[in-house]
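Worksheet: one structure, shown below.
Chain identifiers are assigned alphabetically (A, B, ...) following the order of the sequence lines, protein sequences preceding nucleic acid strands; residue numbering begins at 1 within each chain. Side chains are part of it too, since the values below use all heavy atoms of this structure and drop only hydrogens, waters and symmetry mates.
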Number of protein chains: 2
Amino acid sequence: MISQTAEYALRAMVFLAMNQDNAQVTERIATGTKVPASYLSKVLQSLSRAALVKSQRGLGGGFCLAKAPEETTILEIINAVDPIKRIETCPLDLNSHGVVLCALHKRLDEAIASVEQAFEKTTLKEILAKPTKSVPLCDGASLDK
Amino acid sequence: MISQTAEYALRAMVFLAMNQDNAQVTERIATGTKVPASYLSKVLQSLSRAALVKSQRGLGGGFCLAKAPEETTILEIINAVDPIKRIETCPLDLNSHGVVLCALHKRLDEAIASVEQAFEKTTLKEILAKPTKSVPLCDGASLDK
DNA sequence: TTAATTCTGGATATTTTTATCCAATTATCC
DNA sequence: GGATAATTGGATAAAAATATCCAGAATTAA
């Protein structure tokens, strides 16, 4: 449903949103999100190319959000690493169907569309603000060392 | 979003629903749904084990629906080959979270839940009955030879 | 300028998903 | 019983997703 890569990207973005004060290094994001560092490195690259994070090399460098948390949606994050694909045309390439989907693929696409909508409406800020018992990613203790 | 395998399973089931008169052979279902026959064979096995189709070997054998189209949901079909997994516990295994999901995973799970619900509410019969311009799987001409 | 830090990009490995093939088994027909 | 038709299950192959590693480039500090 949601790929591992997308899950990682979301965690990383939430982590950065929770630690906006200073740039975060890959290694630190990795431990904070329980994502394999070497793979996270690739995920962060994708997020960087999608202009969702800014990267900075060298001492004191790392990653930080490119936009304010209220301006970044879950959908953008997911689409940056593993785009949600709507069903636009008949997957069977049936001539007669053309752009008009049959009932089956119409139903499937509606479901995808609703997920897309839900994700588009949710911003990073909302994730942070929600007063749940559990702080995202956080296991009781504070993340700042 | 929806795996290839699930897509194939849905096509096969719709095909069987549209051809309930007599048992359909793998090869025939394959051409009718544009699914690679050798792989479809495995998919049908899964559907058979899930008791969504009945199989019959030998001459005149093949596959047919195990239940009436109005009693088979899209969700059952998908779950038979590639189960939809809700997020039940924190994917990071954070002690403090336990069963209470953080805002991020709560949102993700809500999306999954809505898809699950939509699929649970849709039966094969509805797929057949919907008066769309495009007949499912069908490219203008009738499927019966 | 040198050393240390950190991202970047490429090569590669591992795992999962998707796909193929075939011998064995079951069923039907003559 | 023998021939044919069809699924079953196992072995295997190919492709995609996930993961690892490392040399190179950029940045900072001294």
Side-chain angles (χ1 to χ4, degrees), chain A residues 1-12 15-16 19 22-66 78-85 91-92, chain B residues 1-13 15-16 19 22-66 78-85 91:
Chain A
M1 195 88 217
I2 290 154
S3 76
Q4 195 68 4
T5 306
E7 161 82 26
Y8 290 167
L10 289 168
R11 287 190 209 170
F15 184 90
L16 290 178
N19 299 80
N22 34 31
Q24 300 294 326
V25 138
T26 305
E27 202 63 44
R28 181 124 166 62
I29 307 175
T31 58
T33 57
K34 291 202 177 185
V35 173
S38 55
Y39 192 60
L40 180 62
S41 156
K42 298 299 184 191
V43 174
L44 288 167
Q45 269 183 55
S46 297
L47 293 173
S48 180
R49 292 200 189 97
L52 295 180
V53 305
K54 275 185 290 194
S55 65
Q56 174 72 36
R57 293 203 256 199
L59 219 174
F63 295 90
C64 61
L65 295 184
I78 291 176
N79 278 342
V81 295
D82 184 19
I84 288 182
K85 280 182 293 194
L92 285 85
Chain B
M1 195 86 216
I2 288 152
S3 76
Q4 196 67 7
T5 306
E7 161 83 25
Y8 289 167
L10 289 167
R11 287 190 208 170
M13 290 295 284
F15 183 90
L16 290 179
N19 300 78
N22 35 28
Q24 300 295 325
V25 138
T26 305
E27 204 61 45
R28 180 123 166 62
I29 306 176
T31 58
T33 57
K34 292 204 177 182
V35 173
S38 55
Y39 191 61
L40 180 63
S41 157
K42 299 298 183 192
V43 174
L44 288 168
Q45 270 184 52
S46 297
L47 292 173
S48 179
R49 293 202 189 96
L52 294 181
V53 304
K54 275 185 291 194
S55 66
Q56 173 72 35
R57 295 203 256 199
L59 219 172
F63 295 89
C64 62
L65 295 185
I78 291 177
N79 278 342
V81 296
D82 184 19
I84 288 183
K85 279 182 295 194

| request: Indicate for each nucleotide in nucleotides 8-19 of chain D, in 5' to 3' sequence, whether protein heavy atoms under 4.0 Å reach the base (B), only the sugar-phosphate (S), or nothing (-). | output: BBB-------BB
| field | Whole angstrom value for the distance that separates P of D:dT7 from CZ of B:R28 | value | 13 Å
| Roughly how far, to the nearest 0.5 Å, is CD1 of B:I78 from CE of B:M13? | 11.5 Å
| query | Reading DNA chain C 5' to 3', which nucleotide is the first, and which the last, to come under 4.0 Å of any heavy atom in chain B? | reply | C:dT18 to C:dT28
| task | Mind checking the CG-SG spacing from B:N22 to B:C64? Nearest 0.5 Å is all I need. | result | 9.5 Å
| message | Assuming nearest nucleotide by heavy-atom distance, tell me which of A:A37 and A:G58 is located more 5' along DNA chain D. | response | A:A37
| message | My understanding is that only residues two or more places apart in sequence, or in another chain, count here; which of them pass side-chain contact (heavy atoms from CB on, under 4.5 Å) with A:E27? | response | A:V25, A:A37
Distance-only donor-acceptor hits, side chain of residues 50-58 of chain A, under 3.5 Å, sequence neighbours excluded:
none

| Closest nucleotide of DNA chain D for A:L59 versus for B:G60: which of these residues is on the 5' side? | B:G60
| Min side-chain heavy-atom separation B:Y8-B:T33 under 4.5 Å | no
| remark: For B:R49, the side chain to side chain donor-acceptor pair (under 3.5 Å) test, sequence neighbours excluded, returns B:Q45
| Residues two or more places apart in sequence or in another chain: which of them pass side-chain contact (heavy atoms from CB on, under 4.5 Å) with A:S38? | none
| query | Side chains of B:S3 and B:D82: is there a donor and an acceptor less than 3.5 Å apart? | reply | yes
